[in-house]
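Encoded as structure tokens, the structure appears first; notes follow it.
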2 protein chains.
Amino acid sequence: QFVEKSSCAQPLGELTSLDTQGEFGRGGSSSPSSSSLCTEPLIPTTPIIPSEEMAKITCNLETKELWDKFHELGTEMIITKSGRRMFPTIRVSFSGVDPEAKYIVLMDIVPVDNKRYRYAYHRSSWLVAGKADPPLPARLYVHPDSPFTGEQLLKQMVSFEKVKLTNNELDQHGHIILNSMHKYQPRVHIIKKKDHTASLLNLKSEEFRTFIFPETVFTAVTAYQNQLITKLKIDSNPFAKGFRDSSRLTDIERKG
Amino acid sequence: QFVEKSSCAQPLGELTSLDTQGEFGRGGSSSPSSSSLCTEPLIPTTPIIPSEEMAKITCNLETKELWDKFHELGTEMIITKSGRRMFPTIRVSFSGVDPEAKYIVLMDIVPVDNKRYRYAYHRSSWLVAGKADPPLPARLYVHPDSPFTGEQLLKQMVSFEKVKLTNNELDQHGHIILNSMHKYQPRVHIIKKKDHTASLLNLKSEEFRTFIFPETVFTAVTAYQNQLITKLKIDSNPFAKGFRDSSRLTDIERKG
DNA sequence: AGCTTTACACCTAGGTGTCAAAAT
DNA sequence: ATTTTGACACCTAGGTGTAAAGCT
């Protein structure tokens, strides 16, 4: 089940062969120049087999049902200059962690392929529109409650509701920067802290594992393309309640 | 400037002899039974002189001007069953910390004396109404951004806006529990982390210092007593904007 | 009489998609 | 022709003091 793949703002390649809950280990980068694109090199260049202890960890996508509904239609995520939350939210639970250990949980989002897309309204489908735009600075979203104790991770869910997506390449807020009209795959990483001095930039003394959930693939957009996606967002996101049919009443209906 | 005082839900004694920015070290408790009152024993019973390194740390109350205005009138803080924020907020900045070290910053609130008070409306003044009610479980509010790096502390302010006060002795939310009609002194503590295993309950391997700001003394109340305090809250707390004179307009004034 | 509780209107703060305008 | 931006109405979520009611 251990699969080597490219990483760190490099395309993931095809994901169709993966199970519902796939996992990516640390794979060697194929391009010699790729390291210069990575301002925050999460992934070392030498492949590493996870330790027995880390191999026991499993990660479960709590919001799978909702993600599945979106995935069927082709999930889209709005990106804005000031940053936009993801909906659905990525919410995961872990098992197999050591209650006494400390862990850092983080997320990043990597391109699925080297393509740029456009939406054909008359066909209601996505088409390849050419090669991908130049890669953007890769950013990690370290979950703000990190570090977690293993005990916490076994009890609570980890929710990435606060992560924001932006198309502003000069963003100063630490939001994740994406290219519009490109396909992306969110990833969840867990790192076991071995000593308190180790940082994310210095992973030699750490162990980590990476989890991907193919049903969370999405296309970044600045405005929704597929109207069915818009409708599903409105019907399932509490903040969009004002656009639901049932609240779209005339004055007469309101009084009745 | 190092002063030994009682601690941990024990009365602080008179504070009038302290400077604007006082500091409390760890003092021996006078009452043999006091340790049983402390469910979270922050303060050991043996007095300790801070290390040279810790002695260099200073703590500044950023919101002093506003606190002074309230202090002149006699600050009151509402406590409710579900928990109420403090206003003004305690916001502090530190200097003299080691940029490379890690620190935990926390807050607690201790009784100022052994008295219960009542407010004489006709005289607009507070009167002693008897002996203090039985002490409540002492709670620590660890700042949620802890642990901080020294670098962070030198850059940012530390704001305790989210701390909540309650009169519910059975509170399950971790709010700070206070007796109504009693006088309290908030305190800010900073602890240097020496190793990652040390907890707040096991401070032997840690060093810490405690700062008090006498202008932040307040009386806990379930409803405001002094109308001047109510007015100052309304005029200075953004959430109370709806009660300001300028927004108390008649329909005619609103249209004009 | 003194103190506490509760529902409430009125805010802050910020997350939604919409739609027209602007940019490319 | 397509994509992006920004002001906007409409929400969620929750922090205010108020005033009447409840408690002791």
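So that the names make sense, note that chain A is the first sequence line, chain B the second, and so on, each numbered from 1. Computed from heavy atoms alone, side chains included, the values below leave out hydrogens, waters and symmetry copies.
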Could you list the protein-to-nucleotides 20-24 of chain C atom pairs, N/O on both sides, closer than 3.5 Å?
none

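Remark: P of C/dG2 and CH2 of B/Trp126 are 13 Å apart, rounded to the nearest angstrom. Per the geometry, OH belonging to B/Tyr224 stands 14 Å off P belonging to D/dG15, to the nearest Å.
Among residues two or more places apart in sequence or in another chain, the ring pair (Phe, Tyr, Trp, His ring centres under 6.0 Å) test is passed with B/Trp126 by B/Tyr119. Under the ring pair (Phe, Tyr, Trp, His ring centres under 6.0 Å) criterion, A/His122 pairs with no residue at all, not counting sequence neighbours. Partners of A/Asp235 by salt bridge (charged side-chain N to carboxylate O under 4.0 Å, His left out), not counting sequence neighbours, listed by chain and number: A/Lys231. Not counting sequence neighbours, the partners of B/Arg116 by the salt bridge (charged side-chain N to carboxylate O under 4.0 Å, His left out) test are B/Asp133. Partners of A/Glu62 according to the side chain to side chain donor-acceptor pair (under 3.5 Å) rule, which considers only residues two or more places apart in sequence or in another chain, are A/Asn60, A/Ser93. Among residues two or more places apart in sequence or in another chain, the ring pair (Phe, Tyr, Trp, His ring centres under 6.0 Å) test is passed with B/His143 by B/Phe148, B/Phe160.
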If you look only at distance, which donor and acceptor atoms sit under 3.5 Å apart when one is on a side chain in residues 163-170 of chain A and the other is two or more places apart or in another chain?
residue: A/Thr166; atom: OG1; partner: A/Thr80; partner atom: O; Å: 2.8
residue: A/Thr166; atom: OG1; partner: A/Lys81; partner atom: O; Å: 3.0
residue: A/Thr166; atom: OG1; partner: A/Asn168; partner atom: N; Å: 3.0
residue: A/Asn167; atom: OD1; partner: A/Lys81; partner atom: N; Å: 3.3
residue: A/Asn168; atom: OD1; partner: A/Leu170; partner atom: N; Å: 3.0

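Sequence neighbours left out, the pairs with a member in residues 161-188 of chain B that pass ring-ring contact (aromatic ring centres under 6.0 Å, His included) are B/His173-B/His175.
Heavy-atom distances under 4.0 Å link DNA chain C to A/Lys233, A/Ile234, A/Asn237, A/Phe239, A/Ala240 of residues 232-240 of chain A, given in residue order. A heavy atom closer than 4.0 Å to some atom of DNA chain D occurs in B/Arg84, B/Arg85, these being the qualifying members of residues 68-90 of chain B. Proximity of residues 155-171 of chain A to DNA chain C (heavy atom under 4.0 angstrom from any strand atom) is restricted to A/Lys164.
Checked against C/dT18, C/dA9, D/dT2, the side chain of A/Arg118 finds its nearest nucleotide in D/dT2. Looking at the side chain of B/Met181, the nearest of the listed nucleotides D/dT3, D/dT16, C/dC3 is C/dC3.
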